[in-house]
Amino acid sequence: MLLQSQSHSLRHITTAHLAQTMTLLEMTTAELRQKIEKDLASNPALELLEERRCPTCKRRLAGGSTCPFCSRPNSASPDEPIVFVSPREDFHTSSGGYENEIPDEIQASAIEDLPHYVLRQVAPELKPQDRAIAAHILTNLDEDGLLAIPVIEIARYHHVLLSRVEEVLYLIRRADPIGVASSSPQEALLVQLDVLSESHPIPPKTAEAIQKGMNLLSRRRYTDLARLLGISTSDTHRIAAFITKNLNPFPARSHWGDITSSNDGGSQAENSYHYPDVIISKSGEADSSPLIVEIAMPISGTLRVNPLFKEAFQQVSTEKTDQWKSDLDQANLLVKCIQQRNHTMVRLMQRLTVLQREYILHGEAHLQPITRASLSVELQVHESTISRAVSSKAVQLPNGHIVPMAIFFDRSLHIRTALKQIIEQEPHPLSDTEIGERLAEQGFPVARRTVAKYRSMEGILPAHLRKPANHSIPQFAVDAI
DNA sequence: CTATGGCACGGATT
DNA sequence: AATCCGTGCCATAG
C-alpha cells in the first residue's frame with residue numbers, strides 16, 4: 001500500500017513536473033513572482049532565504065555566490081555574452097540603473113523622482129485644498145506611472161466626492177509623462193490620444209480601437225479588430241502603427257518598442273506584461289565589449305525547500321502525512337521547475353545574443369531572420385519550448401528600448417526598416433512597384449503586394465497621398481538611434 | 001491604364 | 001490543429 005502510493009505519487013510528480021515546467025516557462029517574470037508569493041504563503045514547506053548582497057558592490061545576488069558585476073571577466077571573447085540570472089529588484093530603474101547606490105539624501109535632492117516632477121507641474125493649477133489628494137495619487141503610482149489603487153478609495157480616504165478626485169486626476173494626467181496616474185494602460189493611451197489630437201491629425205477610429213478593441217490590439221489580432229470596428233485591415237494596421245509610434249501605455253517608461261504579443265485569455269492581462277524579463281546591456285563602450293544579459297528573477301533571495309520541514313516530515317505520525325506530503329512535493333516541484341526555467345532562459349538568451357548581436361547593438365536594420373525551429377535544433381529542445389519561452393516576454397536592449405522577445409524572430413522587420421529608409425530618402429513619391437524594385441536591389445526580393453502590406457504596417461500612406469516629402473505621421477516620441 | 005486595397009489560398013509557424 | 005504571413009487575382013479609384 002505504502003509502496004504503491006509512493007510510486008503513484010512519483011509518477012504523478014514527473015507528469016506534473018512536465019506540465020509545470022511548461023507553464024512556468026510561459027510565464028512572465030512578474031506573473032511568476034505572484035505565483036511564488038502565493039505558494040510561499042500557502043505552503044509551509046517552502047522557504048525564502050534572505051537575500052545576499054555582494055560585499056563589494058552591494059548588489060543583490062541570486063543563487064550563485066560570485067557577483068557577475070564585480071568579477072566580470074573582461075577578457076571574455078566579445079562574441080560570447082555574459083549571461084546570468086539576477087533578482088528582480090535591481091531593475092526598477094530602467095536605464096542607467098547600474099551605477100553604485102547613491103546615498104538617500106543625495107538622491108532625494110539631486111534626482112527628482114516622478115511624483116515630485118509631476119507635482120511641480122500641476123501645483124500652480126491646483127487648489128490648495130486639493131494638494132493632499134494630489135499627493136495621495138502621486139505616492140501610489142507603480143513603476144510604470146500607473147495608478148495602483150482604485151480612484152474611489154482616494155475619494156473615500158479624503159471624504160470628498162469622486163468628481164473632485166477626478167478633477168485632480170485630469171490635471172495630473174495631462175502633465176508631462178502624459179497619461180501618468182491613469183488606472184490602466186488603456187486609459188493612458190486614451191489620455192495621450194486626446195492631448196495629441198489637439199495638435200496633430202489622428203487616424204479615424206483610433207480612440208474607438210483603444211476603447212473597444214484593446215485586447216485585440218495588444219494581441220495583434222488585426223483582422224478581428226478590423227471586423228469589430230467595421231474598417232479595413234490596412235486601416236487597422238495604420239492605427240496600430242500610429243499607436244506604437246506615438247503613444248505609450250506606460251507613461252513612466254520613456255521607450256516602448258512595440259505592443260507585446262498576448263499574455264493570457266485576458267483576465268488580468270494589463271498589469272504586468274510589459275515588464276522586461278531580460279535585460280541586455282553592454283559591459284563597455286566599445287563595439288567589441290561583451291554583452292551582459294540578465295535574466296530577471298521573480299524574487300530576491302533564494303527559494304528552497306525548508307530543511308526543517310523535511311526533517312519534521314520524517315518524524316510526524318501518519319495522521320497528517322497526506323497534507324504534508326503534498327506540500328513537500330509541491331515545494332520540490334516548484335523549486336526544480338524554476339531552476340529549469342532559468343536554465344532554459346539562459347541558454348536561449350545566450351544563443352540569441354550571439355545570433356542577433358548586430359541587431360542588439362545597431363538596430364532593426366541588422367535583424368537576422370531566424371526561426372524558432374532553427375534555434376530549437378541548436379539547443380536540442382522542442383520547438384514548443386522555444387515558443388513558450390519567447391511568448392509574452394519582453395527584453396530591454398542596451399539602448400533602453402523594451403521590445404517583445406518575439407522580435408528576435410521577426411522575419412520581415414529588417415525589410416520593413418529598409419523600406420522605411422527608401423521612402424525617407426527618395427524625394428519623389430515611389431509607387432509600391434518601384435519600392436519593390438529598390439528593395440530587390442538591396443537583396444530583398446518581395447512581391448509588389450507584400451510591399452503594400454509592409455507599408456501599411458509601418459503606417460505609411462500610399463504614394464499618391466504623401467505628396468512632396470511630407471512624412472505621414474507626426475513624430476511624437478522620436479526614437480533616437 | 002496604373003496603383004492599391006480586399007479576399008482567399010497554401011505553406012510555414014506555433 | 002490553429003494561426004500567421006506572403007502572394008496572386010480581381011475589383012475599384014484616380
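Just so we're on the same page: letters track the sequence lines, and every chain starts at 1. FYI, side chains are in, hydrogens and waters are out, and symmetry mates aren't considered; it's all heavy atoms of this structure. If you're wondering where the values come from, they're calculated on a predicted model, not measured in any experiment.
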In whole Å, what is the span from the [atom1] atom of [X] to the [atom2] atom of [N]?
X: His382(A); N: dT13(B); atom1: NE2; atom2: C1'; result: 13 Å
X: Asp432(A); N: dT2(B); atom1: CG; atom2: C1'; result: 12 Å
X: Ile435(A); N: dT4(B); atom1: CD1; atom2: C1'; result: 12 Å
X: Met457(A); N: dG5(B); atom1: CE; atom2: P; result: 13 Å
X: Ile460(A); N: dA3(B); atom1: CD1; atom2: C1'; result: 16 Å
X: Leu375(A); N: dT13(B); atom1: CG; atom2: C1'; result: 14 Å

Using heavy atoms to find the nearest nucleotide of DNA chain B for Ser456(A) and Glu383(A) separately, return the residue whose nucleotide is more 5′.
->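 Nearer the 5' end of the strand: Ser456(A).
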The residue, Ala452(A) or Thr371(A), whose nearest nucleotide of DNA chain B is more 5′ is Ala452(A)
Would you kindly check whether a donor in the side chain of Arg455(A) faces an acceptor in the base of dG5(B), or vice versa, at under 3.5 angstrom?
-> no
Between His414(A) and Phe444(A), does a ring pair (Phe, Tyr, Trp, His ring centres under 6.0 Å) hold up when you go through it step by step?
-> CA-CA 10 Å; His414(A) 63 297; Phe444(A) 307 125; 5.3 Å; yes
The single option from Arg174(A), His200(A), Arg173(A) passing side-chain contact (heavy atoms from CB on, under 4.5 Å) against Val195(A) |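 Checked Arg174(A), His200(A), Arg173(A) against Val195(A); only one passes side-chain contact (heavy atoms from CB on, under 4.5 Å): Arg174(A).
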Contact check, residues 230-237 of chain A vs DNA chain B, heavy-atom distance under 4.0 Å, returns Ser232(A), Ser234(A)
Comparing Val451(A) and Arg221(A) on DNA chain C - which has the more 5′ nearest nucleotide |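 Its nearest nucleotide being more 5', the pick is Arg221(A).
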First and last nucleotide of DNA chain C in contact with chain A, 5' to 3', at under 4.0 Å to a heavy atom: what are they?
->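 Terminal contacting nucleotides, 5' to 3': dC4(C) to dC9(C).
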